[in-house]
There are 2 protein chains.
Amino acid sequence: MSSVLVTNVGELTTNDSTLGDGSMLGLIHDAALVIENGQVSWVGDRRLAPPADRAIDAGDAAVIPGFVDSHSHLVFAGDRAAEFAARMTGHPYAAGGIRTTVSATRAATDETLSINVAHLVDEMLRQGTTTVEIKSGYGLTVADELRSLAIARQFTEETTFLGAHVVPPEFVDDPAGYVELVTGSMLEAAAPYARWVDVFCERGAFDGDQARAILQAGMAAGLLPRVHANQLGPGPGVQIACEMGAASADHCTHLSKQDIEALSSSGVVATLLPAVEFSTRSVYPDARALLAAGVTVALASDCNPGSCYSSSMPLCIALAVREMRMSPGEALWAATCGGATALRRDDVGHLGVGAKGDFAVLAAPSYLHLAYRPGVPLISSAYAAGRRVA
Amino acid sequence: MSSVLVTNVGELTTNDSTLGDGSMLGLIHDAALVIENGQVSWVGDRRLAPPADRAIDAGDAAVIPGFVDSHSHLVFAGDRAAEFAARMTGHPYAAGGIRTTVSATRAATDETLSINVAHLVDEMLRQGTTTVEIKSGYGLTVADELRSLAIARQFTEETTFLGAHVVPPEFVDDPAGYVELVTGSMLEAAAPYARWVDVFCERGAFDGDQARAILQAGMAAGLLPRVHANQLGPGPGVQIACEMGAASADHCTHLSKQDIEALSSSGVVATLLPAVEFSTRSVYPDARALLAAGVTVALASDCNPGSCYSSSMPLCIALAVREMRMSPGEALWAATCGGATALRRDDVGHLGVGAKGDFAVLAAPSYLHLAYRPGVPLISSAYAAGRRVA
C-alpha cells in the first residue's frame, strides 16, 4: 500500500461531471486528489483531503488528466524534413510519401526503431501524454510489421496493426495480392501483438471493399476495428467505420451530412487530428457540425514523419480552438476523455475515483492556458499511476 | 580569458552567408564554434577547431543563433484567459481590452511585476530566446510607466517606452491631454530607462498626427522610433514609420502597395507577429509580397496578455511557414537576424566571428524541424555569451 496526496491544486479538471462545478470538465478549485496503488481513491476540496504517505504540492497550478493520444505512428526510421519543406513551398501532401519511410524503416535495426519510439514516447510524456496508441504500418512485410508491433508493445497496450497503411512498392501491380497478404500471414503474425486493426481507406491507399475485407479479417482474428477515414477527400471510410462498429473514425476532414449522421447514430468517435491539417496546409474538419450532431469528438496528434511530425497535444488543443472553433473546455475534454473513449478505455482520460493516477501539472493557473498560450511548453510535470514520469 | 568550444554540431546556422553553404543561413555541417570572453572567436569545420578551456558536445544536433524577439509586452499583472476564451467563441479582439491589464498592472506591487517578467524571460530562454525587447504600456501614468521601464531594464537593454499604448480611462474624454502627458512629463521620466519610443497607431488607439507627435517627442529626448502599424486595419502607421526612419514597423497585417513600396525604399524592417493573428483569428500579413519587394522581414512574438499570450519563437516560425508561406530558412533568419536588424543590433542574431555567443542547441538534426515539428519543445539548451542559461 502506498498513497500520495496531490494538494494545492488551483484548478482540477476531473472530467467527471458529478464533481465540482458540474460541467463536462467537472472542475474543482482549491482541490486535492489522493492516489492509492496507482488509482485515484479520493478527489475533492483540498481542506477535506485524507492523509497519505507522501504529498505533492501543485503550488496552486492547474492539474489535468494526462492526455490520451489515440492515434500515432511512432515506429519508423528516416527523416522527411526536406519533404516537409518542399510541401510548404508548393508540393501537396500525397499518401505515396509513406513509402519513403517504409524503405528507411525496413533498413533500420530493431534497436534503432526502439530508440526512436522511446525518444518520442518520452517527448510525449514531457508534453503530458500518459496514454498513447501506436500503429505499425511502415514495415509492410510480415517480418517488419511483426517487429514494429513487438517494439510498440514494449511502450503501450494500445497497439494497432496497420499493415494496410499503403500498398508497398513490390505490390504496386498487385494490390489484391497485398490485401491477401495483410489479411493472411501478416495478420496472423501481427495479431498477438496488437489490440486494434486499422486501415487507411483513401484514394491512393485502400478502397472501400479492401477496407471492409481487412477490418473483417482483423476482427475475426480478435482485433478491434478503427479506421483512417475521409482525410484527403470524401470517401466511404466513415460509413465503413460505422457499419463495422469501429471504436473510432480518424481524420474526418471531408464529411457529408450522411457521414455525420452515421457517426451520431452509431456512437463511433470522430477523432480529429488538426496538427495534420496544420502540417499539410489542409482545410480543417468541421468540429462544430460534429458536436452539434452529438458525435463524441476526440483529439489526437497523428504523430508521424510525413503528414504531421508533431507529438504535441497542447498544440492540438490550440488548433482545435483557433481553427475548429471548439471551446477550450471541449478541446481539453476531447484530448483526454475523448481519446480514452476512442480507445474504449474508462480508466484513463479522467480523474474520478477509480481512474488511473495519470495527470499533468501545468505551469499555469487554468487549463484555459493550453489554448491561450500556444506553443509555450506548459507541462511542468507529468505522472502515471501516481509516479512522476516527466 | 575563458574560452569554450562547442563541437559535434551536426548543422550550424551562422546567418553569415560568407560561411558554409553560402546561403542566407550560412549553414555548416559537422561544425564547431569557439566562444572567447562571451564572443564567437572562431567558427568552421569541427575537425579544424582550435583548442579551448572547456568543451560542449552538441551530440550532432543542430545549433542556431539565439532567437531575437524584438517585440514583447512582459510588464503586466492580471489574467485575461477568460477574455481569450470568449474571443475564441465569437467576440472579436479590440484594443480596448488593454485597459483590463492596465488596471491590474497599476494595482500590482513592483515585486509582483518583477516576478512576472522574470518568469516570462525564463520561459523565453527555455525556448531559445536570448535577446528580448520589452515595452512598457500597461502603466499609463508617469509613475507606472517609469516603474515598468525600470523593471524591464533589469532584464534587457532593449526597453521601449510605450506610454502611447492606449488612452487610459481617466483621459477618455481628453485624448489630446493624454498625448501632452505622454510627450511631456511621462517621456521625461521614462527616457532614462528606455532605448526606444513606440506608439500604437491604430483606430481605437492613436491616429497619425498623434503618432507623429509622440515619436518626434521621443526622438527629441534621444529615443529611437519604432511603430505598431497597420494591425487591425489599413492606416498611416507604416508610412509614418518610414517617414521618421523607424527601425521597424510592427504587425503590418493590412498593407497597401504603397506601404510595401515605402518599407522597401526606406529600409524599415517589417516585423511580423503571426502568433497574434493566430490568437486573434485574424488574417495573416502578406510576407511573400514583402519579401518579393526586398523588404527585410523580422518575426517576433508580441507576447502580451491580450492579443497573444505566446512567448514561443518556434511557434512564430511554424506559423510563418504554414500561414505566410515563408520557407523554413526565411523564417529562421527572420526570427534571429531579422529581429536583430529590427533592433539595430549587429552583435546578436548570427554566429559569425565577433557575434555574442548566444545560441540554442536543438533536440533535432536540422533547423527545419522548428517548422516540421510544430508545438514540440525542441530547444534542448540555450546559451548567452557562452554561458548556459536554459
Side-chain angles (χ1 to χ4, degrees), chain A residues 62 79-90 119-120 122-124 126-127 275 277-281 301 303 305 308-331 363-379, chain B residues 62 79-90 119-120 122-124 126-127 275 277-281 301 303 305 308-331 363-379:
Chain A
D79 189 288
R80 285 162 69 187
E83 176 190 318
F84 168 81
R87 182 163 79 238
M88 287 297 109
T89 51
H119 171 80
L120 289 166
D122 181 60
E123 185 182 276
M124 286 175 158
R126 285 185 279 114
Q127 294 174 93
E277 279 77 31
F278 185 84
S279 296
T280 58
R281 209 179 268 138
S301 72
C303 184
C308 175
Y309 198 12
S310 180
S311 56
S312 172
M313 293 295 283
L315 179 73
C316 293
I317 288 173
L319 290 171
V321 170
R322 200 287 184 181
E323 304 293 353
M324 306 198 295
R325 295 179 182 264
M326 290 172 73
S327 73
E330 288 169 338
S366 168
Y367 77 89
L368 290 171
H369 284 231
L370 292 165
Y372 179 36
R373 309 210 61 207
V376 179
L378 285 183
I379 306 299
Chain B
D79 188 288
R80 283 161 69 187
E83 177 191 318
F84 167 82
R87 182 163 79 239
M88 287 297 110
T89 50
H119 171 79
L120 289 167
D122 181 60
E123 185 181 277
M124 287 176 158
R126 285 185 280 113
Q127 294 173 93
E277 278 79 30
F278 185 84
S279 296
T280 58
R281 208 179 269 139
S301 72
C303 185
C308 175
Y309 198 14
S310 180
S311 56
S312 172
M313 293 296 282
L315 179 73
C316 293
I317 288 173
L319 290 171
V321 170
R322 201 287 184 182
E323 304 293 354
M324 306 199 295
R325 295 179 181 264
M326 291 173 72
S327 72
E330 287 169 338
S366 168
Y367 78 88
L368 290 171
H369 284 232
L370 292 165
Y372 179 36
R373 310 209 61 206
V376 179
L378 284 184
I379 307 299

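Here is how names work: the chains are called A, B, and so on, in the same order as the sequence lines, proteins then strands, and each is numbered from 1. What you see is a predicted model; the values in this text were computed from it and never measured.
With a 4.5 angstrom heavy-atom cutoff, B/Cys303 touches chain A only via side-chain atoms. Only the side chain of B/Thr89 comes within contact range of chain A, with heavy atoms under 4.5 Å apart. Both the backbone and the side chain of A/Pro374 have a heavy atom closer than 4.5 Å to some heavy atom of chain B. With a 4.5 Å cut-off on non-hydrogen atoms, A/Leu120 touches chain B through its side chain but not through its backbone. Contact of B/Pro365 with chain A is made through the side chain alone, with heavy-atom distances under 4.5 Å. Proximity to chain B (any heavy atom under 4.5 Å) is shown, for A/Ala364, by neither the backbone nor the side chain. Neither the backbone nor the side chain of B/Ala275 comes within contact range of chain A, judged by heavy atoms closer than 4.5 Å. Heavy atoms closer than 4.5 Å to chain B are found in both the backbone and the side chain of A/Ala81.
Considering every non-hydrogen atom in both A/Gln127 and B/Val376, the closest pair reads OE1-CA, 3.8 Å. The heavy-atom pair separating B/Leu368 from A/Ala82 by the smallest distance is CD1-N, 4.3 Å.
Within the 4.5 Å cutoff, the side chain of B/Ser327 has no heavy atoms near those of the A/Met88 side chain. Taking the side chain as every heavy atom from C-beta outward, B/His369 and A/Tyr309 approach each other to under 4.5 Å.
Applying the salt bridge (charged side-chain N to carboxylate O under 4.0 Å, His left out) test to pairs two or more places apart or on separate chains, none has a residue in residues 308-329 of chain A.
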Requested in this report: Test B/Ser312 against A/Arg373 for side chain to side chain contact (heavy atoms under 4.5 Å, CB included), laying out the working first.
Outcome: CA-CA 9 Å; B/Ser312 172; A/Arg373 309 210 61 207; over 6 Å; no
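A/Ser279 contributes atom OG, which lies 9.5 Å from atom OH of B/Tyr372 (distance to the nearest 0.5 angstrom).
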